[in-house]
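Please read the structure below before turning to the comments.
Sequence positions, counted from 1, serve as the residue numbers for this chain.
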Amino acid sequence: PTYLVVHTLQPKAVQSRDFLRHRGVVAGCLIAGRIELTLDDTIHLLSAGDGFYFSHLRSFRITNLDEQIATWVGLSLMPAIESVKSSSTV
């Protein structure tokens, strides 16, 4: 499944989603504001117009650095759950 969502984060607020780890990927583009994106132990500073892409298996945290609401469009791609068929040959 693919999810496209517009996210907002209040001034100075922090968002962490460690409990939602899966084998998919996350991509996005910051529309307004400035955020600090921490992936594992590496900090990335992003401003409006910057994009990001990372594995959803990584630990991440987003911190709004501004006095205004930060807004970004995020896309989550999750792997499909495939049924396993058993087959036998004669």
Side-chain angles (χ1 to χ4, degrees):
T2 302
Y3 299 95
L4 180 65
V5 180
V6 175
H7 296 271
T8 58
L9 193 59
Q10 295 298 315
K12 307 298 181 183
V14 177
Q15 180 183 70
S16 178
R17 298 290 169 113
D18 287 342
F19 62 92
L20 288 176
R21 291 185 185 183
H22 55 76
R23 292 180 305 148
V25 296
V26 177
C29 182
L30 189 62
I31 297 170
R34 292 182 315 121
I35 62 170
E36 176 184 278
L37 173 61
T38 305
L39 296 172
D40 300 322
D41 294 324
T42 304
I43 296 173
H44 304 273
L45 301 177
L46 304 175
S47 298
D50 290 340
F52 54 88
Y53 175 87
F54 58 91
S55 165
H56 217 300
L57 289 174
R58 297 180 74 178
S59 171
F60 75 95
R61 183 179 68 241
I62 298 171
T63 304
N64 184 347
L65 301 175
D66 270 346
E67 297 296 330
Q68 67 177 7
I69 294 174
T71 306
W72 66 94
V73 175
L75 179 69
S76 290
L77 302 170
M78 295 187 211
I81 300 173
E82 298 178 14
S83 61
V84 178
K85 297 180 180 178
S86 77
S87 61
S88 59
T89 56
V90 179

Applying salt bridge (Lys or Arg N to Asp or Glu O under 4.0 Å), can you list everything that pairs with D50, at least two apart in sequence or on another chain?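 Counting only residues at least two positions away or on another chain, D50 forms no salt bridge (Lys or Arg N to Asp or Glu O under 4.0 Å).
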ILVMFWY network linking F52 to L45, side-chain heavy atoms under 4.5 angstrom: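 Result: no, two separate clusters.
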Please answer: with hydrophobic residues joined when any side-chain heavy atoms are less than 4.5 Å apart, are I69 and L46 in the same cluster?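 Different clusters: I69 never reaches L46 through Ile, Leu, Val, Met, Phe, Trp or Tyr contacts under 4.5 Å.
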Using the ring of each side chain (for Trp, its six-membered ring), is F54 parallel, tilted or perpendicular to H56, with breaks at 30° and 60°?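 Geometry flag for H56 against F54: tilted rings.
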Nearest 0.5 Å, please: how far is CZ in F60 from CG in D40?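 Going from CG on D40 over to CZ on F60, the span is 11.0 Å.
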Approximate separation, where rounding is to 0.5 Å, of D41 CG and R58 CZ: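 Spacing of CG (D41) from CZ (R58) equals 9.5 Å.
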What pairs of donor and acceptor atoms, side-chain ones from residues 24-39 against any protein atom, are under 3.5 angstrom apart with sequence neighbours left out?
residue, atom, partner, partner atom, Å
R34, NE, D66, OD1, 3.0
R34, NH2, D66, OD1, 3.3
T38, OG1, R61, NH2, 3.4

Pairs meeting criterion salt bridge (Lys or Arg N to Asp or Glu O under 4.0 Å) with involvement of residues 5-15, two or more places apart: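 Listed once each, the pairs are K12-E67.
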